Amino acid sequence: KSLAIVGCPFSGGQPRPGVDQGPIHLIQAGLPSQLEELGWKVQFDGHHQFEDIAKFITSDPDIGKLKNPRVVSKVCEAVAKSVGSHAKQGVLPVTLGGDHSLAMGTISGTLEQYPDACVVWIDAHADINTAETTDTGNIHGMPVSFLLGLGQPIPEFAWIKPQLKPNKIVYIGLRDVDAGEKKILRENGIKAFSMHEVDKHGIGKVVELALDHVNPKRDLPIHLSFDVDALDPTVAPSTGTPVRGGLTFREGHYICEAIYETGCLVALDIMEVNPSLAKEEEVRQTVAVGCSLARSALGETLL
Ligand SMILES: N[C@](CCCC[B-](O)(O)O)(CCN1CCCCC1)C(=O)O
Ligand SMILES: [Mn+2]
Ligand SMILES: [Mn+2]
Ligand SMILES: [Mn+2]
């Protein structure tokens, strides 16, 4: 079984510098050899340089509120090609971010190869704002709306085919959802397990209910998109949009272990590790949790 590490040093979907250094920190913490230890054949063809893309885009004025729209779109298009080509070869893409706007690329790539795939989105946020509802214009708060084809079409993002259906995505960990996003979730009947449900049912039941919703027979490919800010800030402090009251270390890892156990995982994203937002020990802790989440999603067990 082979996997490919797709390093995406990209920060254009949000304003805080440093998240583009996430991939190199995860690699330097030893992720490739940790995954080889688990029996994976690991391809790592270097970090997909995105500077050259940015170089060709000399001017990228806002489109409405959207910031860096052309660069974000072009980078995500390149990521989609990379993820799609790995998936086509039966290789499991492990995308390291970089901000969560990259999921427009990773999930597009997955759906190209696995049109029936479902998406499990672990996050404090819904990342489903449209150009009409976003309050920040930061595109890392919008990828799901593009994947679903919600809101007014934006020509610069025309390459994104609205292949994802509302009943094929499920959220776990939500606790900071904008008013416009709550409306979108309700109107589209999108299933979301907030921290309230995690408290109420426990993580084991929540994961079971989430998978029952998007993958009832456990026979569909799963794309797991994990934003480390789903975890409590005491667990993953060095991230761009921390929100209190998050998943414990174990709850985060349980999700990954349970997804691995389905045998359906076809793609993994570890997003929003920003190694420049905290003290050295907290950065190390955040990077280490990114690596351990990936290991748990790729077969590491406690016994
Ligand atoms: N919903 C937010 C946050 C998006 C986080 C993206 B992620 O999950 O990839 O990290 C805006 C949140 N909003 C900002 C102003 C204060 C209230 C919360 C947005 O910018 O759209
Ligand atoms: Mn590659
Ligand atoms: Mn996110
Ligand atoms: Mn988030």
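The chain is numbered in sequence order, starting from 1. These numbers come from a predicted model, not from an experiment. Both ligands and their constituent atoms are indexed starting at 1 by order of listing. FYI, side chains are in, hydrogens and waters are out, and symmetry mates aren't considered; it's all heavy atoms of this structure.
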Might you work through the side-chain hydrogen bond (donor to acceptor under 3.5 Å, both in side chains) test for His140 and Glu272, ending with a clear yes or no?
CA-CA 9 Å; His140 73 159; Glu272 300 278 356; 2.9 Å; yes
Glu282 and Lys279: salt bridge (Lys or Arg N to Asp or Glu O under 4.0 Å), yes or no, with the steps?
CA-CA 5 Å; Glu282 292 180 318; Lys279 296 188 296 296; 3.6 Å; yes
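A salt bridge is absent between Asp62 and Lys67; no separation between the charged side-chain nitrogens and carboxylate oxygens falls under 4.0 Å.
Trp121 has its ring centre no less than 6.0 Å from the ring centre of His223.
Note: Lys41 NZ to Ser2 OG = 4.5 Å, rounded to the nearest 0.5 Å.
Taking a heavy-atom cut-off of under 4.0 Å, ligand 1 is surrounded by His100, Asp123, His125, Asp127, Asn129, Asp135, Thr136, His140, Gly141, Asp176, Asp178, Glu181, Asp227, Asp229, Thr241, Glu272.
Side chains of Ser11 and Asp99: a donor-acceptor N/O pair is absent below 3.5 angstrom, by distance only. For the residue pair Glu197 / Ser194, a side-chain donor-acceptor distance below 3.5 Å is found, with atom types taken as modelled.
Side-chain atoms of Asp232 come within 3.5 Å of backbone atoms of Gly245 as a donor-acceptor pair (strictly under, hydrogens ignored).
For Arg244, the CZ atom sits in a loose shell: 12 or fewer heavy atoms of surrounding residues, nucleotides or ligands are nearer than 6.0 Å.
For the Mn ion (ligand 4), the nearby protein N/O/S atoms, meaning those under 2.8 Å, are Asp123 OD1, His125 ND1, Asp227 OD2, Asp229 OD1, Asp229 OD2.
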